[in-house]
Amino acid sequence: MAASNSIEPRLFLNPIFTTSTTTNSSTSLHIQNFKLKLPHFPTKNPTLVFTLNSSSGSATTNNNNDNTIITPYPDDPDPEPVSAVSSETRTRDGRDRRKIVKVAWDKLVRWSRTWRSKAKTDILERTNKVVVLGGGSFGTAMAAHVANRKAQLKVYMLMRDPVVCQSINEKHCNCRYFPEQKLPENVIATTDAKTALLGADYCLHAVPVQFSSSFLEGISDYVDPGLPFISLSKGLELNTLRMMSQIIPQALRNPRQPFIALSGPSFALELMNKLPTAMVVASKDRKLANAVQQLLASKHLRISTSSDVTGVEIAGALKNVLAIAAGIVVGMNLGNNSMAALVAQGCSEIRWLATKMGAKPATITGLSGTGDIMLTCFVNLSRNRTVGVRLGSGEKLDDILSSMNQVAEGVSTAGAVIALAQKYNVKMPVLTAVARIIDNELTPKKAVLELMSLPQVI
């Protein structure tokens, strides 16, 4: 087609060549003359014939040899050139993109193999005994995980219930929480603190926060001053607002008791089933954090390290309160819009408080913060979310708690939220509303109305 001053239609072509083609060796284009049927073209003869040539010809080209610009057809009132890319170019671009992706992936795999080859295993090799305090679902799951790390490793579980203790030792299962899940034979249960703690290399603390202080005071005589405590418990002590990093050394009367916080998005059942999981260990002692990472990391459990103990603990505690709020939204059938708005607001409130307490913002937006929040707020396995769902459906809190065989830490932690908000002068409307609902001072419906009536943010 010759160029014209008149206007022509805008074409979006996916051409099928219906005539013979020729090759021009001087260009990258191998098609010169062809016909194209245009069923909706505004002319009596909808067959268009034109020439493609990157150097000359009746079609005009740009400086890129791979793209040819088709000049306007005379009758279009709105001229706009259309780029026609050759099939050869598209194929070559596709190959290039795949090559780039493959190279990037290969580099990642090589880096991973190199890193694994240099990874130390001396901590696991030197560890002979680990004790788990508490016989709940997560304590049991972690006991099984550690026991699977090395067959020669003895993992003792210290618990109060003699029935569960007998079930673990004789049937190799926790009859209360995981009756269908087999535990490794090197998991040993006991009700005797001295037997459990004597000679232990590491201690995993899985006792609920509200009972931790009195429990630890009762066994403090058998705890070695240098025994590292890995806290699995998430929450704040109601009356004192203490975190586990404060409760453990004070209850053991040893301010230098080595402490590590373990947190992150992890359901006990999925950990028992060896599904891929990622968590964070936080300690002010970098060497200790690396040692615990080496002890716990496996093919199905990734362990990251952090020095931000406060951030990891606060996020792990307050996400349980937010999960109750998320459950209330579900129970009241308030929809997805309100769920997204509530969780986003709750995340901001947790970040505001945590940073005021000295935490790093990156911790709150990371695995132990946002990652754990997403799991707890959106998945039915969450105990705290379940409490919220039932509250939103109209059930009484006492009836809900009496029917549960596990502790929902968010119920107790909610009571500490108001005191923390006042102490650090942080406005936390969503988490404070949950605390008032828990205290039976506000109904879920009234709480929603109050929150929606708050001043609009500029």
Side-chain angles (χ1 to χ4, degrees), residues 129-149 154-161 164-165 167-168 173-178 181 183-184 187-193 196-197 200-220 222-223 227-237 243-245 247-248 251-252 257-272 277 279-283 292 295-296 301 303 312-313 316-317 320 368 372 376 381-384 404-410 412-413:
K129 182 178 179 179
V130 172
V131 59
V132 178
L133 305 181
S137 59
F138 201 73
T140 302
M142 286 303 299
H145 172 75
V146 174
N148 281 320
R149 295 282 288 134
K154 291 183 179 181
V155 179
Y156 277 78
M157 295 184 66
L158 177 61
M159 56 185 59
R160 295 179 300 175
D161 192 335
V164 176
C165 185
S167 170
I168 291 175
C173 72
N174 187 319
C175 60
R176 187 175 183 184
Y177 298 108
F178 298 114
Q181 306 280 344
L183 296 173
V187 174
I188 305 162
T190 180
T191 57
D192 182 62
L197 289 161
D201 297 300
Y202 291 92
C203 176
L204 276 68
H205 179 94
V207 178
V209 173
Q210 306 309 320
F211 308 106
S212 289
S213 185
S214 58
F215 175 83
L216 290 168
E217 288 172 359
I219 66 169
S220 60
Y222 308 109
V223 176
L227 177 64
F229 267 70
I230 306 169
S231 175
L232 314 182
S233 307
K234 299 176 183 178
L236 299 169
E237 197 171 47
M243 299 178 288
M244 289 306 303
S245 58
I247 294 172
I248 289 177
L252 296 176
Q257 193 77 44
F259 177 84
I260 310 96
L262 176 67
S263 190
S266 50
F267 284 138
L269 179 60
E270 296 188 4
L271 197 59
M272 283 289 288
T277 303
M279 302 180 73
V280 176
V281 290
S283 177
V292 174
L295 175 69
L296 299 180
L301 178 60
I303 299 291
V312 169
E313 286 200 278
N320 287 327
S368 59
D372 212 355
T376 314
L381 286 173
S382 167
R383 299 190 296 268
N384 294 283
M404 298 178 67
N405 67 344
Q406 293 178 293
V407 176
E409 290 278 16
S412 301
T413 304

Do N174 and T140 have side-chain N/O donor and acceptor atoms under 3.5 Å apart?
yes
E313 side chain to S245 side chain, donor-acceptor N/O pair below 3.5 angstrom:
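S245 and E313 do have a side-chain donor-acceptor pair below 3.5 Å.
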Do the side chain of [X] and the main chain of [Y] share a donor and acceptor less than 3.5 angstrom apart?
X	Y	result
S214	F211	yes
R149	L295	yes
N384	G410	yes

Mind running side-chain contact (heavy atoms from CB on, under 4.5 Å) on V132 and V155 for me, showing each step along the way?
CA-CA 7 Å; V132 178; V155 179; 4.1 Å; yes
So do [Y] and [X] actually touch side chain to side chain, heavy atoms under 4.5 Å?
X	Y	value
V164	C175	yes
C173	S167	yes
V223	F229	yes
V292	S283	no
S266	L271	no
L262	M142	yes
V146	L296	yes
L227	L197	yes

Looking only at heavy atoms, what is the nearest atom pair of [X] and [Y], with distance?
X	Y	value
N320	T376	OD1-CG2, 4.0 Å
M159	G135	CE-CA, 3.7 Å
F178	A268	CZ-CB, 3.8 Å
I247	S212	CG2-CB, 4.2 Å
S382	F267	N-CZ, 3.7 Å
A206	G139	CB-CA, 3.7 Å

Could you give the distance from [atom1] ([X]) to [atom2] ([Y]), rounded to the nearest 0.5 Å?
X	Y	atom1	atom2	answer
N148	L301	CG	CG	12.0 Å
F259	M244	CZ	CE	6.5 Å
C203	L252	SG	CG	8.5 Å
M279	S368	CE	OG	10.0 Å
Q257	S220	CD	OG	10.0 Å
L183	H145	CG	NE2	14.0 Å

For E270, what residues pass the salt bridge (Lys or Arg N to Asp or Glu O under 4.0 Å) criterion, not counting sequence neighbours?
none
Quick one: sort the H205 and F215 rings into parallel, tilted or perpendicular, breaks at 30° and 60°.
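It falls in the perpendicular class, over 60°.
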So V209 and V407, side-chain contact (heavy atoms from CB on, under 4.5 Å) or not? Walk me through it.
CA-CA 10 Å; V209 173; V407 176; over 6 Å; no
Is it the case that over 12 heavy atoms from other parts of the model lie below 6.0 angstrom from the NZ atom of K154?
no
Using the side-chain contact (heavy atoms from CB on, under 4.5 Å) rule, take S137 and R383 through it: C-alpha gap first, then chi angles, then the decisive distance, then the call.
CA-CA 12 Å; S137 59; R383 299 190 296 268; 3.9 Å; yes
Do Q181 and M272 pass the side-chain contact (heavy atoms from CB on, under 4.5 Å) test, and can you show the C-alpha distance, the side-chain angles, and the key distance before you say yes or no?
CA-CA 8 Å; Q181 306 280 344; M272 283 289 288; 3.4 Å; yes
